Amino acid sequence: MIECGVIAADCYTENGNSMLRDQIQEIISGAVDAAKSAGQLPNIPIASPAIERPKQADHGDFSTNIALITAAAVKKETGDKVNPRQIAQAIVGHIPVDGLIGAVELAGPGFINIRLAERWLQHHVRAIIDAGDTFGNINRGDGARWQVEFVSANPTGPLHYGGARNAVLGDSLASVLEAAGYDVQREFYVNDVGNQLDLFAQTLYARYQQLYGQDVELPQDGYKGDYMIGYAQQIQAEVGESLLLLPRHTVLATLREKGLAIVLADLADELSLIGIRYDRWFSEQSLHDEGLVEQLLADLTEKGDIGEWDGARWFRASNYPKNDKDEVVVKSNGMPTYFASDIAYHYDKFVRRGFDRVVNIWAVDHQGHVPRMGAIMAALGLDPDRLVIVLYNLVKLLRDGQEVKMSKRSGDFLTLREVVEDVGADAVRFMLLTRGPESGIDFDLALAVEQKNENPVYYVQMNHARICSILLKAAEEGLAAGSAAQPGDDDALALLAHPTEFGLIRKILEMEEQIDFAVDKLSPHNLTHYAMELARSFSVFYDQCHVLKAEPDELRRARFLLCWAARTALARVLHLMGMSAPESM
RNA sequence: GCGCCCGUAGCUCAGUGGAUAGAGCAUUAGCUUGCGGAGCUAAGGGUCGUAGGUUCAAAUCCUACCGGGCGUACCA
């Protein structure tokens, strides 16, 4: 569902530190080279090894299958059968145990397990605190300019709950990309062209007339939701009855414009309820107004990509890979299609604005449009890989176990605003973010309200608040200096020794890998699981290790710093997911 | 028909070709007179839809089938 070849070309941060996992990888590579030089390994090319996080704690912090891969490569190259454990032994002998690495073990069929040095873990608490709200950032993107276009719902009414999933996905993905070093722009494409908006204006007109007691019916297929009455009232408040006497076409033009402004304000307001704001709202109409659509159609016609038959103008998409049919760009009635705008829109994104990559978040019912987007890219002479479509599955609304079809036109739909009012913004975001995009969601509002206190987001936030409470109390009682480095801190941190203390530090250190993983998948849903694990790691530590009453003073200081680090990490992951990190609740 | 996606614990879902498949909720049994119990510990619960194949190694990759969702417009 995601066509994308994102490659971590460069994971180094400005100060020269790379991701922990990459540091391990470099050490392994170094050991392999050394083993080759010493004649202990045959000098054949070896695919880059996987550096993994073992599922079981007693397998260490990292493990690598390089010996298993190498054995297979040797067999393929020379026909000789080699014992992977022998190869592993040769490599292990060249892995330096100092600084970062505390222990190296050979295990199972030939895995090499690596344990981080306790001393390194203890002292890394300081680095976590100092990173603050940039903790976990990686430099994978190296400043590449990416755009995430999401929601882009028809501007004809409030956002329904399915659109909320799009919003949460897009916004959190954008945040994660920023954390991974990309320069990200959030964009909402406003479809202010076409007959949906005409119908919207006509409905608005009818509602407006009804406010003055006129017996007018809504247009057929018009927008039947009550919210249209509210919009009409806003118009009424602004212009009074002045529109009643004007000719119909004038009124419709006015209502189109004023109605659009009202809807966009409504959408922006609604999205702000879950903490989302856009860098740009891009008007489809503007592409027509400035003649870009027309110009590109002319260019593509000259190039032979557009032809005319059956009374319409067609884009020869079938000339491009993965496309088996052509697409209409200008209908036989002379009206350009949405697809024609898309050509201009993507030209604007890539050629004019120069985004290195654009990610569009689409509901899965638009999947049929994916191939032709590739054809647009190719026709414009652009690398299709620069456009990535993330498809997410639909949210099915249930009432009393029965499916309710959501439709703006029928007026029977649950809005984001309603859900946020009943369930809460953070809980809504968490719920929508927990699952992968390809997973379908059945949503029952009554059930969600009933279960809102069981939402794991409160567990995460409660642990954040709990830490804040400890830190506050420590300050009040004068038990610890602030988070700034103190002379004795190094010795103090070296006192951290309890398994739950190390467990917490280790869990916090996974942050950068979680961010990297979310970028790999172009989906941040792993962060919800990570946030729960992080909260649990703290909770377990809290249960086992007293902070304020810890003796001696140095240990209390060390645990105070560890709490600060945990708070830093919890706040960071909550913010990446677009949720609040409350100091009390 | 063809194309894409999904099928994992009672329910909702994670799971990067690796070692003993996990979490939340629910259930059961303990703990808690300690910095926030919205907590902690433990237990039960699985033919990873089915059948083949590739591999030293498959929930993961390939093929077929079964079941479900979506798509297949001069709509967006």
Side-chain angles (χ1 to χ4, degrees), chain A residues 1 50-56 58-59 63-65 68-69 71-72 75 81 83-84 107-111 113 152-154 156 191 193-197 284 310-314 322 324-339 341-342 363-371 391-394 396 431 434-442 447 451 453-456 458-463 465-474 477 479 513 516-517 520-521 525-526 528-530 532-533 536 539-540 542-550 556 559-560 563 584-585:
Chain A
M1 62 115 220
I51 306 291
E52 294 171 330
R53 288 287 200 169
K55 269 177 262 181
Q56 280 173 262
D58 46 304
H59 289 160
S63 76
T64 177
N65 60 355
L68 297 160
I69 290 177
K75 189 180 166 193
K81 231 181 154 180
N83 185 348
F111 291 104
N113 293 337
S152 300
N154 266 339
T156 54
N191 301 127
V193 175
N195 54 18
Q196 294 307 314
L197 204 57
E284 179 185 1
D310 295 345
R313 292 177 70 191
W314 298 75
K322 296 181 201 161
D324 49 11
K325 59 187 181 58
D326 297 324
E327 300 288 341
V328 172
V329 286
V330 181
K331 296 186 259 187
S332 51
N333 66 6
M335 298 300 289
T337 61
Y338 181 87
F339 184 67
S341 304
D342 266 350
V364 72
D365 57 343
H366 287 62
Q367 64 183 260
H369 298 197
V370 173
L391 296 174
Y392 66 91
N393 216 318
L394 301 169
K396 194 192 289 181
M431 197 179 343
T434 320
R435 298 142 202 205
E438 62 283 338
S439 159
I441 297 181
D442 289 350
L447 205 62
Q451 295 177 343
N453 290 324
E454 291 158 18
N455 192 304
Y458 298 119
Y459 177 71
V460 178
Q461 290 177 323
M462 180 272 287
N463 277 289
R466 194 186 238 174
I467 297 173
C468 291
S469 170
I470 294 171
L471 297 177
L472 188 67
K473 192 159 278 187
E477 298 177 9
L479 290 178
E513 285 159 74
D516 190 57
F517 184 78
D520 260 345
K521 298 291 168 192
H525 67 277
N526 59 307
T528 59
H529 300 275
Y530 175 59
M532 280 190 275
E533 291 169 15
R536 176 165 310 283
S539 196
V540 168
Y542 170 88
D543 194 56
Q544 298 283 319
C545 300
H546 214 286
V547 180
L548 300 180
K549 290 184 188 165
R556 184 168 66 220
R559 286 181 176 166
F560 171 87
C563 283
S584 66
M585 51 192 295

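Small disclaimer: the values here were computed from a predicted structure and weren't measured. Reckoned from all heavy atoms, side chains included, excluding hydrogens, waters and symmetry mates.
Looking at residues two or more places apart in sequence or on another chain, you find no salt bridge (charged side-chain N to carboxylate O under 4.0 Å, His left out) involving A:Glu284. For A:Tyr458, there are no ring-ring contact (aromatic ring centres under 6.0 Å, His included) partners at least two apart in sequence or on another chain. In this view, A:His366 and A:His369 satisfy the ring-ring contact (aromatic ring centres under 6.0 Å, His included) rule, not counting sequence neighbours.
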Name the pairs: protein N/O against N/O of nucleotides 10-12 of chain B, kept only if under 3.5 Å.
{"residue": "B:U12", "atom": "O2'", "partner": "A:Arg435", "partner atom": "NH2", "Å": "2.8"}

Distances under 3.5 Å between nitrogen or oxygen atoms of protein and nucleotides 40-43 of chain B:
{"residue": "B:C40", "atom": "OP1", "partner": "A:Tyr459", "partner atom": "OH", "Å": "2.6"}
{"residue": "B:C40", "atom": "OP1", "partner": "A:Arg536", "partner atom": "NH1", "Å": "2.9"}
{"residue": "B:C40", "atom": "O2'", "partner": "A:Asp543", "partner atom": "OD2", "Å": "2.9"}

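Residue side chain A:His546 fails the stacking definition with respect to B:G34, as its ring centre and the base's six-membered ring centre are not both under 5.5 angstrom apart and under 30 degrees in plane angle. Taking a centre distance below 5.5 Å and an interplanar angle below 30 degrees as the stacking criterion, A:Tyr542 stacks against the six-membered base ring of B:C35.
The distance between atom NE2 of A:His525 and atom C1' of B:C13, rounded to the nearest whole Å, is 10 Å. Note: OH (A:Tyr530) to P (B:A23) measures 18 Å, nearest angstrom.
When each of B:C25, B:C56, B:C74 is scored by its nearest atom to the side-chain atoms of A:Glu454, the top-ranked nucleotide is B:C25. The side chain of A:Asp310 has B:C74 as its nearest neighbour among B:C74, B:A23, B:G71.
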Read 5' to 3' with Watson-Crick or G-U pairs under 3.5 Å, [ ] for crossing pairs and | for partners on another strand, RNA chain B gives (((((((..((((....[...)))).(((((.......))))).....(((((..]....))))))))))))....
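For B:C70, the base has a donor-acceptor partner in the side chain of A:Gln367 [N/O atoms by modelled type, under 3.5 angstrom].
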